[in-house]
Amino acid sequence: MIPDLVIYNTLTRTKEKFEPLVAGRAGLYVCGPTVYSDSHLGHARPNITFDLLYRYLTFLGYKVRYVRNITDVGHMEDEVEETGEDKISKKARLEQIEPMEVVQKYMNSFHYNMQQLNVLAPNIEPRASGHIIEQQLMIDSILKNGFAYEKNGSVYFDVEKYNQQYQYGKLSGRNLDDIKTNTRQLDGQSEKKNSFDFALWKKAAPEHIMRWPSKWGEGFPGWHLECSVMSTKYLGEQFDIHGGGMDLTFPHHECEIAQSTASLGHESVRYWMHNNMITIDGQKMARSLGNFITLRELFTGSNKLLQQAYSPMTIRFFILQAHYRSTVDFSNEALQASEKGLERLMNAMKTLEELAPAEQSTVDISAIKENCFTALSDDLNSPVAIAHLFEGVKIINSVKAGTEKLSASDLAEMKSFYSNVVFDILGLRAENIGGSAQNEVLSGAVELLISLRKEAKANKDWATSDRIRNELNTIGIEMKDTKDGVEWKLK
RNA sequence: GGUUUCUUGGCCGAGUGGCUAGGCAGCGGUCUGCAAAACCGUGUACGGCGGUUCGAAUCCGCCAGAAACCUCCA
């Protein structure tokens, strides 16, 4: 009853049915972060998108191996830094600490942010610095196959030569002639045969902190090599899905294809998936543009652009409410809308647990279920799946109000369906469960105030009852009278 | 300049050759000592101009505007 999963393959620019290389198993590689500063909202997108994919594949019964790398060698900053030092060593200099200390610090904060967002850990999280030997071996094989050349202690990929035999640019829809006429001339490129050649191994300048020995001299691996190496090491020379941000399509993923092909004689990736960007005022949010909001700032509200703090689940829901291949524009209004929508959904989840079964159902729930899975199977259309969930919310609330009825079996089906989709697949979780706050002392104190207020209300002493509510509100505890008693939560 | 893509109601955001996406806000109502919340109901939009078609917001062309990539980037 769940339709076949169809995913959009950047390579063919069409939606294709997902057919794994090995029946029942799925191999997934996703480009992870370069850990040199705090993660921002933009980083949440691919991680949540591919977390959804991972969760959905798992739900569909695949045994998934999910590999997501940590880039801890650093990428070149040719334009900004004429010295050509990499991001990590630059940051290390600024903070006067070891490069690996920078890496550890921001890797930890990245992991923490991902946990907050309920992003599952990958099965393998390889680091570029831990695969220097493997990278050198791949360079060897590319050299041996004649698609690279050494110059002054650096090794470059020979794009023109590669393009004679294979097709450079197939992923991003470019051809070499266009690239030739349009590539900007950059400094320090005299070593390369052509400006569009890229480094496989780069000789380390004396001041460059991160360096490893090699047969070409001390240096460090090129920008694109780690992914080719680590994906095939852990998933095989050919594997199912490679994901990442759209901005990585060219040159990063294009170069990955070239490296793997030049080394192995064939491509490795069967389905390329790319998530779109998060924009702010219509422009891409990026570290380099300086228009980013870190996840920590979002969760605490400490950024001038933010009118309030937004919880991790609000951020997750916000991202899931847009299709992963569309841009999604940041705004306080949009996030507040997501916050309220999520609250409505989660309240319905709670209500669902409390519903009493009836003899017979007065509504058909099968359509919602089917529509929801149809949407998810259609290239992970989470916004449409969520829309169908909200149709169910209406039913749940109507049952609670007594205008509709659900049989015991339908009710059980609804419970498992909502739990599957909301918790397991979309990866949402309940937040702000006030009454059962972790802190028992606080709970006890608030319960006492609630009972005092109840007495005041019984005596129609509105001044006292309002005072308790208002002053708690000032302190940061929100108290609400509902039909079923008093609810409270930390704001 | 090249490559790719986008333009949907007050805001966000799906989708589609003919059948109300959804959320938020607004409005009306229910509930309530008050407040807040919650719940129910409610909106007929697809950049402009042409073309194809019985019929287009959906296909084609042109125009306008925007973005991503071409340079590290999620």
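Quick note on labels: first sequence line is chain A, next is B, and so on, each numbered from 1.
A:R344 comes within contact range of the sugar-phosphate backbone alone, with a heavy-atom separation under 4.0 Å but no base atom that close. Residue A:S326 is classed as a sugar-phosphate contact, given heavy-atom separations below 4.0 Å to backbone atoms only. Using a 4.0 Å heavy-atom cutoff across all strands shown, A:M277 reaches at least one base atom of the nucleic acid. Counting non-hydrogen atoms under 4.0 angstrom, A:H40 reaches a base of the nucleic acid. Heavy atoms of A:D329 sit under 4.0 angstrom from primed sugar atoms or phosphate atoms, though from no base atom. Across all strands shown, A:R453 has heavy atoms under 4.0 Å from base atoms, whether or not it also approaches the sugar-phosphate. A:G42 comes within 4.0 angstrom of a nucleotide base, judged by non-hydrogen atoms across all strands. Within 4.0 Å of A:S288, counting heavy atoms only, lies at least one base atom of the nucleic acid. Nucleic acid contact for A:I278: base, since at least one base atom lies under 4.0 Å from a heavy atom of the residue. Within the 4.0 angstrom heavy-atom criterion, no nucleotide atom of any strand lies near A:E339. Residue A:V328 is classed as a sugar-phosphate contact, given heavy-atom separations below 4.0 Å to backbone atoms only. Backbone-only engagement by A:E333 is indicated by non-hydrogen atom pairs under 4.0 Å involving sugar-phosphate atoms exclusively. Within the nucleic acid shown, A:A322 comes within 4.0 Å of sugar-phosphate atoms alone, with no base atom in reach, counting heavy atoms only. Using a 4.0 Å heavy-atom criterion, one finds that A:N381 contacts the sugar-phosphate atoms exclusively.
An OP1 or OP2 oxygen of B:A74 is reached within less than 4.0 angstrom by no side-chain nitrogen or oxygen of A:R68. Taking side-chain N and O atoms only, A:K340 has a distance below 4.0 Å to OP1 or OP2 of B:A25. A close approach under 4.0 Å does not occur between any side-chain nitrogen or oxygen of A:N175 and OP1 or OP2 of B:U3.
Between the side chain of A:R316 and the backbone N or O of A:N118, at least one donor-acceptor pair lies under 3.5 Å. Between the A:E254 side chain and the A:S172 main chain, a donor and an acceptor come within less than 3.5 Å of each other.
If you find the closest nucleotide of RNA chain B to A:I386 and to A:R174, the one lying nearer the 5' end belongs to A:I386. With the nearest nucleotide of RNA chain B identified for both A:S172 and A:A286, A:S172 has the one nearer the 5' end.
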Would you please test A:H131 and A:Y234 for side-chain hydrogen bond (donor to acceptor under 3.5 Å, both in side chains) and show each step? CA-CA 12 Å; A:H131 296 75; A:Y234 297 110; 2.6 Å; yes

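Exactly one residue among A:T10, A:D379, A:N275 makes a side chain to side chain donor-acceptor pair (under 3.5 Å) with A:R325. That residue is A:D379.
In the set B:C73, B:G23, B:A14, B:A14 carries the atom at the smallest distance from any side-chain atom of A:H323. Counting only heavy atoms from C-beta on, A:N347 has its side chain closest to B:A38 among B:C11, B:A67, B:A38. Of the listed nucleotides (B:A14, B:G33, B:A36), B:A36 has the atom at the smallest distance from the side chain of A:K480. The nucleotide whose nearest atom lies closest to any side-chain atom of A:W462 is, among B:A74, B:G33, B:U4, B:G33. Side chain of A:F250, nearest nucleotide from B:A67, B:C69, B:G22: B:C69. Taking only side-chain atoms of A:F390, from C-beta outward, the nucleotide of B:C34, B:C69, B:G23 with the closest atom is B:G23.
For the C1' atoms, the distance linking B:U58 with B:C19 amounts to 14 Å, nearest Å. Using atom P as the reference point in both B:G2 and B:G48, the two lie 26 Å apart (nearest Å). Atom name C1', nucleotides B:A14 and B:C6: the rounded distance is 15 Å, in whole Å. For the P atom pair drawn from B:U8 and B:U3, the interatomic distance equals 25 Å after rounding to whole Å. Rounded to whole Å, the separation between the P atoms of B:G15 and B:C73 comes to 29 Å. Taking the C1' atoms as reference points, B:C46 lies 11 Å from B:A56, given to the whole Å. Nucleotides B:G9 and B:A57 have their C1' atoms positioned 13 Å apart, rounded to a whole Å. Spacing of P atoms, B:C12 relative to B:A36, comes out at 27 Å, to the nearest Å.
Taking atom NE2 on A:H388 and atom C1' on B:U20, their separation rounds to 13 Å, with Å as the unit. For the pair A:R325 CZ and B:G13 P, the interatomic distance rounds to 16 Å; values are reported in whole Å.
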With a 3.5 Å cut-off and sequence neighbours excluded, list the donor-acceptor pairs that the side chains of residues 386-395 of chain A form with protein atoms.
none

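Between A:F417 and A:F373, the distance separating the two ring centers is shorter than 6.0 angstrom.
Counting only N and O atoms by type, the side chains of A:H252 and A:E256 include a donor and acceptor under 3.5 Å apart. A side-chain N or O of A:Y310 and one of A:N332 form a donor-acceptor pair less than 3.5 Å apart.
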